[in-house]
Amino acid sequence: MTRRKTPEYGFETRMVHAGAQPEPVTGARQTPIFQNTSYVFHDADDAASLFNLQSFGFIYSRLSNPTVAVLEERLASLEGGRGTTCCASGHSAQLLVFFALMEPGDRFVASNRLYGGSVTQFGKTFRKFDWHCDFVDFDDPQAIRAAIGPKTRAIFCEALANPGGVVTDLEAVAEVAREAGLPLIVDNTMATPFLCRPIEWGADIVLHSTTKFLSGNGTSMGGAMIDSGLFDWSAVAGRFPGLASAEPAYHGLNFHESFGDMALTVHGHAIGLRDLGPTMAPMNAFQTILGIESLAMRMRRHCENAMAVAEFLDGHERVAWVRYAGLPSSPYHTRGRKYLENGFGSVFTFGVKGGYEAGLKVVEGCELFSHLANIGDARSLILHPASTTHRQLTPEQRETAGAGDDVIRLSVGVETPEDLIRDLDGALVRGAA
Ligand SMILES: *Cc1c(COP(=O)(O)O)cnc(C)c1O
C-alpha cells in the first residue's frame with residue numbers, strides 16, 4: 001500500500017538536498033550551525049503574530065532553530081511525512097508524541113519487543129503522568145485488538161525491533177489501528193528510512209532516535225517525531241483534546257482546526273518543546289545532517305557486513321544460535337524481505353554456549369568491537385544486554401525482549417568484514433579456554 005506519491009527526487013538526492021538551500025546572505029553551501037538562542041523581530045506586529053502562531057518564523061531556539069529546521073524537513077522528506085519535530089533524544093521524541101495524544105488516565109498498546117529503555121519509560125516512568133501502557137505480542141493482531149479499550153489512544157511498535165531481529169508485520173498492525181480509529185506510531189530507529197518507510201505501510205507517526213544510524217558515528221544525541229499528517233484527530237469528538245479541542249496553554253487554540261495536517265508538528269514545537277523543553281542542540285542537528293548525507297552508502301555496508309558476520313557466527317561451534325532476519329533460518333526472514341528494502345539491518349543477537357559467564361567473556365575478549373551501550377555507529381559495537389541495557393527488566397521481560405542471559409548483541413559497523421570476523425573468532429575461542 002502506498003499512501004503518498006513518490007517524491008520527485010530519489011532517496012539519495014533527498015538525503016543530500018532536502019530542506020537545505022545555500023544560505024541567502026553569505027552563499028554558504030553547507031547548512032550553517034545557527035548557534036544562537038534568539039531572533040530579532042521586524043517590528044511589534046511581527047512579534048505578536050509569531051507569538052500567536054499566526055505566522056511562522058524563529059523566536060527562540062527552544063521552539064525552533066534554522067539548523068534544526070533543515071534536519072526536520074530532511075527527515076520528513078526521507079520518511080514521506082508532512083512535518084517533523086526534532087528533539088534532544090529518542091526518548092524525548094516518545095515523550096513529545098504521547099504528551100500530544102494522552103490525558104491523565106489514558107492508555108496505549110505497545111509491542112512487548114521493544115528497546116529496553118522504552119519498556120522502562122512506558123511501563124514505569126510514564127505512570128507518573130497517569131499514562132498506562134499495555135504490552136502485548138504484536139505477532140498476534142488479535143492480542144492487539146483485545147488490549148484496546150475505551151481509554152486507548154495509540155498503538156506503538158518498532159519496525160525492526162531492538163535487539164531480537166524481529167520484523168513487525170506493519171500492514172497487519174496498521175489494519176488493527178485503522179479499525180480502532182487509533183494512530184499507529186512506529187519507532188524506525190533500527191531500520192532507518194533507507195530500509196523501511198513505515199508511513200508507506202500505514203503508520204501515522206514515525207519516531208527516531210537520531211543518535212543511532214542517522215547521525216551514524218556516535219557523536220550526537222537526538223530524536224525526531226515525523227507526522228504523516230494523515231490521521232484525523234477530530235474524527236471522534238473529545239478523543240484527542242490536546243490536538244483537537246481548545247488548548248488552554250494557547251489561549252483556546254484548536255491545533256487541528258488551525259493547522260490541519262501540520263497539527264501534531266506545530267503542537268510538537270509550540271507546546272511540546274516550549275513547555276517540556278527537550279530541544280535538539282543546533283550542533284547536534286548539524287552533525288546529524290552530515291550523517292544523513294551518507295546514510296544510504298553506510299546502511300548498505302552495515303547490512304552487507306552484518307550478513308557476513310551473521311553467516312560466520314551461524315557456523316561457529318561455540319555459538320548456540322543466531323537471530324538475524326537476514327538468515328533464511330530466521331522466522332522473520334520472509335517478513336524482512338517484504339518490509340526491508342535494502343538489507344536486514346546491522347543489529348542482531350547471538351547466543352554463546354555457556355550462558356551468562358561465557359557471554360561476558362566474549363564481550364570482554366573482543367578488541368575491534370567496542371563494549372558499549374549504543375547501536376548504529378560506524379564502529380562495530382558489542383554488548384551483553386542482560387547485564388546492561390536490559391538490566392532493569394525482570395527475567396521474563398528480558399526473555400520476551402530477546403535479551404536472555406546468554407544473549408550477545410552486535411551492532412556491526414562499516415569496517416573490513418574479515419577483520420570483524422577474526423576479532424569475534426578470537427574472542428569466542430579465547431572465551432572457551
Ligand atoms: C536508542 C533507542 C531509543 C532511545 O533513543 P535515545 O536517543 O537514546 O533517547 C529508542 N528506540 C530505539 C529503537 C533505540 O535504539
Side-chain angles (χ1 to χ4, degrees), residues 85 90-159 161 166 168-170 172-188 198 202-207 223 225 227-228 230-245 247-249 255-256 263-264 267-268 271-272 275-276 392-394 396-397 400-401:
T85 311
H91 266 17
S92 57
Q94 292 173 178
L95 176 61
L96 288 187
V97 74
F98 289 111
F99 191 69
L101 269 47
M102 308 271 283
E103 298 296 310
D106 283 348
R107 317 185 68 87
F108 62 102
V109 181
S111 166
N112 58 11
R113 297 194 197 84
L114 293 180
Y115 170 69
S118 302
V119 176
T120 309
Q121 186 191 41
F122 295 172
K124 300 225 159 51
T125 301
F126 274 7
R127 280 199 210 153
K128 293 214 168 190
F129 305 133
D130 198 14
W131 299 343
H132 304 271
C133 180
D134 300 293
F135 293 100
V136 303
D137 179 0
F138 269 45
D139 278 344
D140 178 5
Q142 217 34 57
I144 308 174
R145 275 190 197 95
I148 294 171
K151 289 274 191 186
T152 305
R153 293 294 175 264
I155 313 268
F156 184 100
C157 63
E158 294 176 19
V166 174
T168 305
D169 189 352
L170 292 176
V173 175
E175 181 56 34
V176 175
R178 241 190 327 276
E179 281 167 19
L182 297 171
L184 171 60
I185 306 168
V186 176
D187 178 340
N188 199 29
D204 298 291
I205 299 160
V206 171
L207 300 187
M225 167 175 81
D227 182 23
S228 68
L230 297 170
F231 191 81
D232 182 0
W233 305 108
S234 309
V236 179
R239 188 174 274 186
F240 297 103
L243 291 165
S245 298
E247 172 53 68
F255 278 75
H256 194 210
L264 181 62
H267 190 284
I271 303 273
D275 297 341
L276 300 174
Q392 308 302 328
L393 308 189
T394 65
E396 299 75 46
Q397 283 177 318
T400 319

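In this text the structure is predicted, and so the values were computed from the model without any measurement.
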Measure from the side-chain N and O atoms of Asp204 to the backbone N and O of Leu184, and report whether any donor-acceptor pair falls under 3.5 Å. yes
Any Glu175 side-chain heavy atom under 4.5 Å of Pro141 side chain: no
Can you check whether Gln121's main-chain N or O pairs, donor with acceptor, with His91's side chain at less than 3.5 Å? no
Has the side chain of Glu247 got a donor or acceptor atom that lies under 3.5 Å from a matching backbone atom of Phe255? no
Rounding to 0.5 Å, atoms CG (Asp137) and CD1 (Ile144) come to a distance of 8.0 Å
Pair Leu101-Leu264, side-chain contact (heavy atoms from CB on, under 4.5 Å): steps then yes or no: CA-CA 9 Å; Leu101 269 47; Leu264 181 62; 4.3 Å; yes
For residues Phe129 and Leu95, determine if any side-chain heavy atom of one lies less than 4.5 Å from a side-chain heavy atom of the other. yes
Side-chain donor/acceptor of Asp227 to backbone N/O of Ile205, under 3.5 Å: no
Atom CE in Met102, atom NE2 in His132: separation rounded to 0.5 Å? 8.0 Å
Which heavy-atom pair separates Val136 from Ala147 by the least distance, and what is that distance? CG1-CB, 3.8 Å
Restricting to non-hydrogen atoms, name the atom on Trp233 and the atom on Pro183 that form the minimum distance, rounded to 0.1 Å. CZ3-CG, 3.9 Å
The reported gap from CZ in Phe156 to OG in Ser118 (rounded to nearest 0.5 angstrom) is 5.5 Å
Contact summary for Ile148 and Val109, nearest pair of heavy atoms: CG1-CG2, 4.2 Å
Which atoms form the tightest heavy-atom contact between Ala161 and Arg113, and what is the distance? CB-O, 3.6 Å
Closest heavy-atom contact between Asn188 and Ala159? OD1-CB, 3.5 Å
Just how far is it from atom CG of Asn112 to atom CZ of Phe138, taken to the nearest 0.5 Å? 8.5 Å
Could you go through Phe122 and Phe98, starting from their C-alpha distance and side-chain angles, then the distance that decides it, and tell me whether this counts as ring-ring contact (aromatic ring centres under 6.0 Å, His included)? CA-CA 10 Å; Phe122 295 172; Phe98 289 111; 5.6 Å; yes
Note, His267 side chain near Thr85 side chain (heavy atom, < 4.5 Å): no
Check: Arg178 side chain, Gly202 main-chain N or O, donor-acceptor pair, under 3.5 Å: no
Nearest heavy-atom neighbours spanning Arg239 and Gly181: NH1-O, 3.1 Å
Tell me, yes or no, whether the heavy-atom count around Phe126 atom CZ, taken from other residues, nucleotides or ligands under 6.0 Å, exceeds 12. yes
Please check: side-chain N/O of Arg153 versus main-chain N/O of Phe240, any donor-acceptor pairing under 3.5 Å? no
Consider side-chain contact (heavy atoms from CB on, under 4.5 Å). Of Leu207, Ile185, Leu170, which one does Pro198 pass it with? Leu170
Under the 3.5 angstrom rule, does the side chain of Ser111 hit a backbone N or O of Leu114 as a donor-acceptor pair? no
Mind checking the CD1-CG spacing from Ile271 to Leu96? Nearest 0.5 Å is all I need. 11.5 Å
